[in-house]
Amino acid sequence: MERLLVCLGEILFDFLPIERDQEPNSFRLQPGGGPFNVAVGLARLGQPTAFVGKVGADYFGRRLRRSVRAEGIDDRWLRSAAAPTTLAFVAIEDGEPVFSFYGAGAADTLLEADELPAEFFERTGLFHFGGISLLHGTTPAAALAAAEGLRGRALVSLDINVRPLLISDEAAYRATVQRAIAACDLLKLSVADVAWLAPGVNPNDYALAQLAQGPTLIALTQGDAGVSSLRYLNGQLERLEQPSFKVEVADTVGAGDAFTAGLLDALANHAIFERTALATMPTADLRAALRQGAATAALTCTRPGADPPKRAELYHLRL
């Protein structure tokens with residue numbers, strides 16, 4: 001039985017700006033949402049990928065499901081709900097994407113834990129979750145139930161991807177994040193995440209502290225400065241550094257998700273489907289996996305929106 005790489009969380013439409021005289025005057029639609037972007041990245045790299053979540057029973061939801069299928073992503077666990085689809089308008093300020101979300105009561109917030117079938121737990125070899133799906137409605141509880149149910153049975157990956165403007169109950173969100181960290185094997189953090197989670201704390205110090213909370217590996221992305229990884233190998237702290245690739249940047253929308261997809265693809269290709277295998281993965285293989293993640297992110301930055309590369313493009317940059 002083929003094991004699937006499964007992503008759970010938000011799926012939405014990004015409205016990407018079309019600029020005239022350095023100001024947006026119209027927008028174009030592109031499917032998005034952090035976990036969905038990772039699923040697209042994995043599918044384009046040839047991995048057997050499935051997506052878990054909910055789309056609205058509206059025009060946008062129907063169009064999103066067509067996009068899922070067009071990417072070759074298994075949609076057996078993608079449900080429809082009588083609710084609107086989340087929409088996100090994107091602007092670029094000071095070279096960074098700024099998001100305005102419209103998703104109160106939207107379909108992607110309504111996933112229930114009891115909607116996760118036994119087949120989901122049986123077929124999943126690698127599970128990725130996080131993003132704004134940890135924030136609202138019943139989906140956070142469903143995501144935690146999935147991660148905690150798969151811990152020890154599959155490799156569990158988390159990208160917190162903090163969106164401060166969407167956080168209405170900080171205490172509840174922080175509690176959810178701590179449970180998510182405790183349930184994961186691989187934690188992807190950005191320096192922006194750390195700035196909100198632990199203001200004034202050095203990102204590397206914060207990342208190191210998380211190794212005691214549950215994860216086996218921490219990947220800390222630092223924009224132009226590249227990515228660092230932390231894990232304990234044979235009882236000793238191992239820190240690896242991967243510089244970023246130098247490319248002409250169109251925008252950075254989806255760059256973190258593309259990094260995650262590239263990294264998870266490399267892990268899957270080495271049959272890293274549980275935490276012990278990740279903890280003992282040879283350093284050279286882990287270094288190559290980080291490099292592939294960085295290359296995937298770099299290529300995504302060369303075109304507008306979250307548009308991850310296919311494997312042939314990736315090989316060209318990696319060489």
So, for [X] and [Y], which heavy atoms are closest and what is the spacing to 0.1 Å?
X      : Y      : value
Ala258 : Thr300 : CB-OG1, 3.2 Å
Leu64  : Pro31  : CD2-CB, 3.9 Å
Gly130 : Leu158 : CA-CD1, 3.8 Å
Phe129 : Ala143 : CD1-CB, 3.9 Å
Asp185 : Ala154 : OD2-O, 3.5 Å
Cys7   : Val38  : SG-CG1, 3.8 Å

Please list all pairs passing the salt bridge (charged side-chain N to carboxylate O under 4.0 Å, His left out) test where one or both residues lie in [range], with sequence neighbours left out.
range            : value
residues 256-267 : Asp265-Arg311
residues 170-181 : Glu148-Arg179, Glu170-Arg174
residues 41-50   : Arg44-Glu71, Arg44-Asp307

Would you say that [X] contacts [Y] through its side chain, given a criterion of any heavy-atom pair below 4.5 Å between the two side chains?
X      : Y      : answer
Pro309 : Arg303 : yes
Leu12  : Leu87  : no
Arg151 : Cys184 : no
Leu126 : Val6   : no
Val253 : Pro304 : no
Ser244 : Lys246 : yes
Val247 : Leu299 : no
Leu237 : Leu211 : yes

Drop me the distance from [X]'s [atom1] to [Y]'s [atom2], to the nearest 0.5 angstrom.
X      : Y      : atom1 : atom2 : answer
Lys188 : Thr260 : NZ    : OG1   : 5.0 Å
Asp193 : Asp159 : CG    : CG    : 6.5 Å
Leu135 : Asp169 : CG    : CG    : 10.0 Å
Phe36  : Thr49  : CZ    : OG1   : 10.5 Å
Leu111 : Leu8   : CG    : CG    : 5.5 Å
Leu263 : Arg291 : CG    : CZ    : 14.5 Å

Partner set under side-chain hydrogen bond (donor to acceptor under 3.5 Å, both in side chains) for [X], not counting sequence neighbours:
X      : answer
Arg62  : none
Glu115 : Lys54
Glu238 : Arg231, Thr283
Thr86  : Asp108

Pairs touching [range] that satisfy ring-ring contact (aromatic ring centres under 6.0 Å, His included), sequence neighbours left out:
range            : result
residues 262-295 : none
residues 135-170 : none
residues 184-220 : Tyr173-Trp196

Return a table of donor-acceptor pairs under 3.5 angstrom between the side chains of residues 215-227 and protein atoms on other chains or two or more places apart.
{"from": "Thr216", "atom 1": "OG1", "to": "Arg275", "atom 2": "NH2", "distance (Å)": "3.1"}
{"from": "Thr221", "atom 1": "OG1", "to": "Leu189", "atom 2": "O", "distance (Å)": "3.2"}
{"from": "Gln222", "atom 1": "NE2", "to": "Ser228", "atom 2": "OG", "distance (Å)": "2.9"}

Original post:
For the rings on Phe15 and Phe13, is their centre-to-centre separation under 6.0 Å?
Top reply: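 Distance test on ring centres: not under 6.0 Å, no.
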Subject >> Pair Phe89 and Phe101, ring centroids less than 6.0 Å apart >> reply: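 So the answer is no for these two rings.
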Subject >> CA sep, side-chain torsions, deciding dist, call: Val55, Ile11, side-chain contact (heavy atoms from CB on, under 4.5 Å) >> reply: CA-CA 7 Å; Val55 292; Ile11 177 171; 3.6 Å; yes
Between [X] (side chain) and [Y] (backbone), is there a donor-acceptor pair under 3.5 Å?
X      : Y      : result
Thr139 : Ser133 : no
Thr109 : Ala107 : no
Gln178 : Ala175 : no
Arg79  : Gly53  : no
Thr124 : Phe127 : no
Gln30  : Ala306 : yes
Thr296 : Phe259 : no

**OP:** For Pro243, check side chain to side chain contact (heavy atoms under 4.5 Å, CB included) against everything at least two apart and list the hits.
**Re:**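 By the side chain to side chain contact (heavy atoms under 4.5 Å, CB included) rule, Pro243 matches no residue at all.
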**OP:** Run the numbers on Ile181 and Ile160 for side-chain contact (heavy atoms from CB on, under 4.5 Å), then give the verdict.
**Re:** CA-CA 9 Å; Ile181 291 173; Ile160 300 172; 3.9 Å; yes
Subject >> Arg153/Glu274 ion pair, N-O < 4.0 Å >> reply: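 No salt bridge links Arg153 with Glu274.
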**OP:** Take Ile272 and Leu155 through the side-chain contact (heavy atoms from CB on, under 4.5 Å) test and state the conclusion after the steps.
**Re:** CA-CA 7 Å; Ile272 306 297; Leu155 188 72; 4.3 Å; yes
Original post:
Same hydrophobic cluster for Val52 and Leu264, using side-chain heavy-atom links shorter than 4.5 Å among ILVMFWY?
Top reply: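 No, Val52 and Leu264 fall in different hydrophobic clusters.
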Original post:
Between the side chains of Arg63 and Thr85, does any donor sit under 3.5 Å from an acceptor?
Top reply: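 Note: Arg63 and Thr85 side chains miss the donor-acceptor criterion.
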Original post:
Of Asp75, Asp74, Asp58, which meets salt bridge (Lys or Arg N to Asp or Glu O under 4.0 Å) against Arg65?
Top reply: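 The salt bridge (Lys or Arg N to Asp or Glu O under 4.0 Å) with Arg65 is passed solely by Asp75 among Asp75, Asp74, Asp58.
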Subject >> Worked check of side-chain contact (heavy atoms from CB on, under 4.5 Å) between Leu4 and Trp77 >> reply: CA-CA 12 Å; Leu4 297 170; Trp77 302 315; 3.9 Å; yes
**OP:** Take atom CG of Asn234 as the centre, draw a 6.0 Å sphere, and report whether it contains more than 12 heavy atoms from other residues, nucleotides or ligands.
**Re:**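 No, not enclosed.
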